[in-house]
Amino acid sequence: MNVMANRPRRLESYVGGHWVAGAKEGVPLLDASTGAPVAFIDSTGVDFKAALAYGREKGGPALRRLSFHERAAMLKALGQALMERKEEFYALSTATGATRADSWVDIEGGIGTLLSYASKGRRELPNTRVLLDGDVELLSKDGTFSAQHILSPLQGVAVHINAFNFPCWGMLEKLAPTLLAGVPAIVKPASQTAYLTELMVRRIVETRILPEGALQLVCGSVGDLLDHVEGQDAVTFTGSASTGQRLKTHKAIVENSVRFTMEADSLNAAVLGLDAAPGTEEFDLFVKEVAREMTVKAGQKCTAIRRVIAPRAFSEALIESLRARLGKTALGNPADEAVRMGPLASLDQREEVRARIRDLSADAEIVAGNPDNPSITSGDSTAGAFLNPVLLYCDKPGSARAIHDVEAFGPVSTVMPYDTAEEAVDLARRGKGSLVASVFTNDPAFAEEVVLGLAPFHGRVMIGNRVSAKSSTGHGSPLPGLVHGGPGRAGGGEELGGMRGVKHYMQRTAIQGAPTLLSAVTGRWLPGAEARAGGEHPFRKSLAELKIGDQLITATRTVTLDDIEHFANFTGDTFYAHMDEEAAKANPFFDGRVAHGYLIVSFAAGLFVDPAPGPVLANYGVDNLRFLTPVNPGDTLKVQLTCKEINPRANAEHGEVRWDCNVTNQTGATVAQYDVLTMVAKTRE
Ligand code: NDP
C-alpha cells in the first residue's frame with residue numbers, strides 16, 4: 001500500500017490479526033505547517049476486550065516459546081527492515097511539524113533503540129526463557145534447602161499509551177524491552193500524530209518478523225480497553241500529568257494491581273556552574289545546549305530544558321547570548337531545508353502553550369521572542385502552528401511558583417538566577433521531581449555538591465564540560481542503556497535502562513527448595529545439587545553431549561616453597577607475603593609465607609584441563625574469583641569442576657559454557673571459588 005498517494009486517508013487499527021477501520025468517518029488530523037488534512041482517526045467498534053484476549057492467547061505464548069537470544073534476533077531483523085524503509089517515514093514525519101533533524105531522533109533514534117536492545121539482549125542475557133536474579137541464598141546449614149530468585153515473563157499484554165511528540169521512538173522504546181521480555185503489546189499512539197505510527201506498524205506487520213498477536217495497534221480512543229486489564233497485564237503511559245493520574249486510578253488498574261508506569265510533565269533544569277563565567281568553554285556549551293533543547297522538536301520534548309538556573313552575576317550575559325542564538329533559528333515549514341525549527345504539533349497545542357506562557361508571565365518577564373506574532377521564513381502563518389522560541393527571566397525564583405509548576409510544552413524556557421550551589425539545588429528541586437537535569441561545570445567540588453543534591457529528584461543527571469563536549473550525547477537524549485523516567489511530578493516511572501527495562505515486564509519470584517530441584521527449575525547447577533563425576537572428561541564433550549551437573553574431580557597437587565619462589569621470580573610478583581617469612585607472619589591474615597592467588601588458579605587449570613584438541617575452543621575469562629583460605633607451602637590442592645550453565649549461540653557453531661570451579665585444600669576447605677567461562681563447539685569434529 002502506498003500511504004502517501006492516498007492522503008488524506010482513514011487510519012485503521014490492527015487488532016486480532018486484521019486491519020480494522022473505525023465505524024465512523026473520524027476526526028481529521030491536520031498537517032502542522034499547512035493545516036491540510038493528513039488522515040482521519042476513529043476506533044469506534046473495535047472490540048478491545050477481544051484484542052487483549054488475542055494478545056494474551058496468541059502473542060504471549062508465541063513469544064514465550066522463543067529464548068532471549070531468539071527474541072533479540074527478531075528485534076535485530078525488525079530494526080534492519082525498518083531502517084531500509086526509513087525514507088518513507090521521514091516523508092510523512094514532515095506533516096507532524098518535524099524537521100529532518102527532529103525526525104532523525106524519532107525515526108532512527110527509535111529504530112536504533114530496537115537494535116540496541118537486540119545487541120544487549122544477545123550479549124547480556126542467557127539463551128534461556130527464564131532469568132536468574134542475584135545469587136543463590138543458602139537457607140540451611142546442611143545445604144539441603146536453598147533459594148534462587150527468578151524472573152519470568154508476565155502472561156498478559158503490555159498496553160502502551162503514548163504521547164504525540166515521538167510517534168516512532170515513543171512506540172519503539174517501549175516495544176523493544178517488552179518483546180525482549182516475551183510479552184505482547186497493544187500500542188495506542190496519541191491521535192495527533194498517529195498516522196506516522198500507523199505507517200510504521202503497517203511496515204512491521206508486512207515483514208512478518210513478529211509472531212502473530214505480538215503487536216496490536218489502536219488508532220483513536222482506547223474505549224473500554226482499560227476496563228478489561230488484569231493482574232498479568234501492564235500499562236505504560238506518556239503524556240500529561242492530569243490524564244496519567246486519571247488512568248493510574250482507573251478502577252481495573254487499582255483493583256487488579258496492574259503495573260502502571262507513568263512518564264508525565266517534567267520541568268527539567270540546567271544549572272550553569274559558579275565557575276562557568278562568560279568566556280569559559282562551559283558557558284558557551286551551556287548556551288548551545290539550552291538553545292538546542294528549546295528548539296529541537298520545537299521544544300515538545302519531555303526532556304527539554306524548561307528552567308535555566310544560572311549564577312546571578314552571569315545572567316545578563318547568558319540572556320544576551322541566548323537571545324542572539326535563538327534569534328537566528330529559522331522557523332517555518334520543515335519541508336523547506338533551510339528551516340531549523342518547525343511548528344508545534346497543532347494549532348490547539350499552540351494555544352495551549354500560549355496560555356501556559358501567560359501563566360509563567362505571572363512570575364517572569366519575556367526577554368526574547370514574541371509568542372503572539374510568529375516571524376517565519378516559510379510556510380502559512382495562519383494555518384501553521386508556528387511559535388518563535390520564547391525566553392523568560394524571573395528575578396526572584398525562590399519566591400515564585402508558576403515557573404516551577406507550569407509546563408509550557410513548546411520552545412519556552414525561564415532563566416532564574418542563584419547565588420550559592422545550595423540555592424541552585426533548591427531551585428532545581430522545586431520542580432518536584434524531573435526526568436533529567438544537567439550541570440555545566442569544570443569544578444569537581446561544584447559537580448559533587450550539585451549532582452548529589454539533584455540525584456534523588458531526577459532519573460538522570462548529565463554533567464557537561466569541555467572534556468566531554470565532543471562526545472556528549474546531550475541533556476535531552478534518553479539512551480537505551482540509561483534509565484528514562486523520574487520521581488514525583490515526572491510520573492514516578494522508569495523506562496529503558498538496558499536490561500532493567502526488560503525486567504519491568506517480568507515477575508520476580510523467589511524459588512525455595514532442595515538444590516537439585518532448584519537446578520532443574522532454573523537450568524543452572526548450584527552447589528549441593530546432584531552432579532555426575534567419573535565419566536568421560538567433560539572437556540571432551542560437545543555442547544550436544546554436555547549436561548548441566550557433569551563434573552570432574554581432579555587429582556591433587558602439593559604446593560612447595562620452590563613453586564612459590566619460582567612463580568614469584570618468573571612473574572615478577574615478589575610481594576613480601578610470598579617471599580619474606582617474617583614479614584608474612586606479621587601480617588594479620590597469614591601464618592607465614594603463602595602461595596600467590598594466581599598460582600592457585602594456574603595450578604587449578606593444570607589439574608582440570610584436558611590438553612588434547614577437542615570441543616572446548618577457548619577460555620574467555622573467569623567470574624567472581626575469590627581467594628578464601630591462604631595456601632601455605634605443603635598444602636595440597638584439588639579441584640571440583642562442574643558444568644553450571646550451557647548457552648548455545650544462535651546462528652553459530654559454538655556456545656558458552658560456565659563451569660563452577662571449587663579449589664580445596666587437604667582439609668576440604670575452599671581456598672578459591674570462581675566460574676570458568678569457555679567457548680565450546682556444538683558438535684565433535
Ligand atoms: P494527553 O495526556 O492528553 O495524552 C497522552 C496520551 O493519552 C495520548 O495517547 C492520548 O490519546 C491518551 N489519552 C488521553 N485521554 C485518555 C483516556 N481517557 N484514556 C486512555 N488514553 C487517553 O497528552 P497530550 O499528548 O495531548 O499532550 C498534552 C500535554 O501533555 C502537553 O501539552 C504536555 O504538556 C504534556 N506532555 C508531556 C510529555 C512528557 O513526557 N513530559 C509528553 C507529551 C505531552 P489521544 O491523543 O487519542 O487523546
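Both counts, for ligands and for their atoms, begin at 1 and track the order of listing. For the numbers below, each heavy atom of this structure counts, side chains included, while hydrogens, waters and symmetry mates do not. What you see is a predicted model; the values in this text were computed from it and never measured.
In the model, Lys174 has a side-chain atom that pairs as donor or acceptor with a side-chain atom of Asn162 under 3.5 Å.
The existence of a salt bridge linking Glu198 and Arg9 is confirmed by a sub-4.0 Å separation between a basic side-chain nitrogen and an acidic carboxylate oxygen. Taking 4.0 Å as the cut-off between side-chain N and carboxylate O, Lys49 and Asp224 do not count as a salt-bridged pair.
For a heavy-atom separation below 4.0 Å, the residues in contact with ligand 1 are Ile161, Asn162, Ala163, Phe164, Asn165, Lys188, Pro189, Ala190, Ser191, Val222, Phe237, Thr238, Gly239, Ser240, Thr243, Arg246, Leu247, Glu263, Ala264, Asp265, Cys302, Gln349, Glu407, Phe409.
By the salt bridge (Lys or Arg N to Asp or Glu O under 4.0 Å) test, Glu407 is found to be paired with no residue, residues two or more places apart in sequence or in another chain being considered.
In this structure, Val229 and Leu226 approach most closely via the heavy-atom pair CG2-O, 3.2 Å.
No side-chain heavy atom of Leu215 sits under 4.5 Å from any side-chain heavy atom of Tyr14.
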